[in-house]
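Please read the structure below before turning to the comments.
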Number of protein chains: 2
Amino acid sequence: MNPAFSENSQSDQESIRDKIVATADEFFAHYGFQKTTMDEIARKLHKAKGALYYYFKGKEELYTEVIKREIDTVRSALNEVIRQDTDPVAKLENYFTVRFKALNQCVNYHETMKADFRESYDFVNPVREEFEQYERQEIKNILSTGKSSGHFSLSDIDTSVDVIMILLNSIEVPLYLKGMYNKYQNIIFEMTTILFDGLKKNKP
Amino acid sequence: MNPAFSENSQSDQESIRDKIVATADEFFAHYGFQKTTMDEIARKLHKAKGALYYYFKGKEELYTEVIKREIDTVRSALNEVIRQDTDPVAKLENYFTVRFKALNQCVNYHETMKADFRESYDFVNPVREEFEQYERQEIKNILSTGKSSGHFSLSDIDTSVDVIMILLNSIEVPLYLKGMYNKYQNIIFEMTTILFDGLKKNKP
DNA sequence: GTTTGACCTTAAAACCAATTTGGTAAATTG
DNA sequence: CAATTTACCAAATTGGTTTTAAGGTCAAAC
């Protein structure tokens, strides 16, 4: 489970697991969850379908793993931004830019969002929620340090975080589900600017 | 067509048209576009189905009329806000509050938005687009006068309008489609506050 | 000018058989 | 024992057909 524990045999095991996830990713991204079959994935890997069930409980768990890795990519990119030693304003700005760009790559994640209007993909909710919690925490951190350092003037940080979270999540719909990411990029930039002028401390 | 031209006989005609729209509204709001039949609507009005086609070309036109009236309600409320002699900042704030509240009542309008992820209700697009154009114009007016009067500090008004329009439209998804309007009200308030601090001229 | 009711056409629902597919478990391999 | 296969089941999906219902039309009637 933990990569740090991987021995020779387990390294192979992980490697196969990874290959399964990678192949599943391709199919899911191409044909979506429903239209992808476990048999297809197995065949592509020159394995029998049953082998997949040695690594994953079922199709849903495999799909969830694919989504999880997509989200992890975003998280890594965001961690990189957070790690940097920049002032809170620049950090939050970077956070937004990187988030939109990285999330734009998450084909399967968008698929579930789109599908959520038709049917429910509840089984990915844990992943979504976990990421939301992560983001909430990180944004709160940035705002908190920004408030302490006098970069932001905020009365209630938690509410500000709520606002930002809702804005981030809301704007995903036109951006990704309607494929307007490239078209709206300059508008996103302007939006962040306005938002930041609102969050920033007014220069006295 | 124009109510100002209505004579006695035409007044009756308009009255019946209105009754049809009202009844249609009830059914559409209750069962949605697809599951409502023209026959149902006619029966409720103690008329034959054919009568409806004397006033409307078809089901889609009738539905569009229902949507149009919903939107007109919102527009009236907004016109009231615009009419008032308040400073641009307060006016735009009122605009937001009233818009969200009024739009929350438009059951059928939300139905089409929700449905747009499954199938397309293109025939209501003209209504949508017309309203969007109206909003764009009014918001631009407010921003323009706000800039002239020194309440707002804006470099490019058109882009600011774009940002506001996208934000307004984006946030409708969680607000109405996911029924979070009541839950999010204080967050909306805070959002407007932040947004306005961003738009307002920094006090020197 | 309105309304009706019979009528047409097409789209949706209901049905059913055939097939596919997710999932399991015993057997097999190395 | 870890990893994989094969054979198999039950449930879901698909394809095609029939039936039904619903949108829309029109001549006649009010």
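Quick caveat: nothing in here was measured; it's all calculated off a predicted structure. A note on names: the letters A, B, ... follow the listed sequences, proteins ahead of strands, and every chain is numbered from 1.
For D/dT5, neither phosphate oxygen OP1 nor OP2 lies less than 4.0 angstrom from any side-chain nitrogen or oxygen of A/Tyr54. Contact check, A/Tyr53 against D/dT5: no side-chain N or O comes under 4.0 Å of OP1 or OP2.
At whole-Å resolution of the value, CE in A/Met38 and C1' in D/dA11 are 16 Å apart. Atoms CG (B/Leu52) and C1' (D/dA22) sit 13 Å apart, rounded to a whole Å. Protein atom CG of B/Asp39 is 16 Å distant from nucleotide atom P of D/dT25, rounded to whole Å. If you take CD of A/Glu40 and P of C/dG23, they are 15 Å apart, rounded to a whole angstrom. One can place NZ of A/Lys35 at 14 Å from P of C/dG22, the figure rounded to the nearest angstrom. Following rounding to the nearest Å, B/Arg43 (CZ) and C/dT4 (C1') show an atom-to-atom distance of 15 Å. One can place OH of A/Tyr63 at 15 Å from P of C/dG23, the figure rounded to the nearest angstrom. Rounded to whole Å, the distance from CG on B/Leu62 to C1' on D/dA22 is 15 Å.
Each of B/Gly58 and A/His46 lies near DNA chain D, and the nucleotide nearest A/His46 is the one positioned closer to the 5' end.
In this structure, the ring of B/Phe33 has its center less than 6.0 angstrom from the ring center of B/Phe123. In this structure, the ring of B/Tyr95 has its center no less than 6.0 angstrom from the ring center of B/Phe100.
Proximity of B/Ile188 to B/Tyr181: side-chain heavy atoms (C-beta onward) are separated by under 4.5 Å at one or more points.
A donor N or O paired with an acceptor N or O is found under 3.5 Å between the base of C/dG23 and the side-chain atoms of A/Lys49.
A cation-pi arrangement is absent between A/Arg75 and A/Phe131, since the terminal nitrogen or guanidinium carbon is not both under 6.0 Å from the aromatic centre and inside a 45° cone about the axis.
In this structure, of D/dT4, C/dG22, C/dT4, it is C/dG22 that holds the atom nearest to the side chain of A/Thr37.
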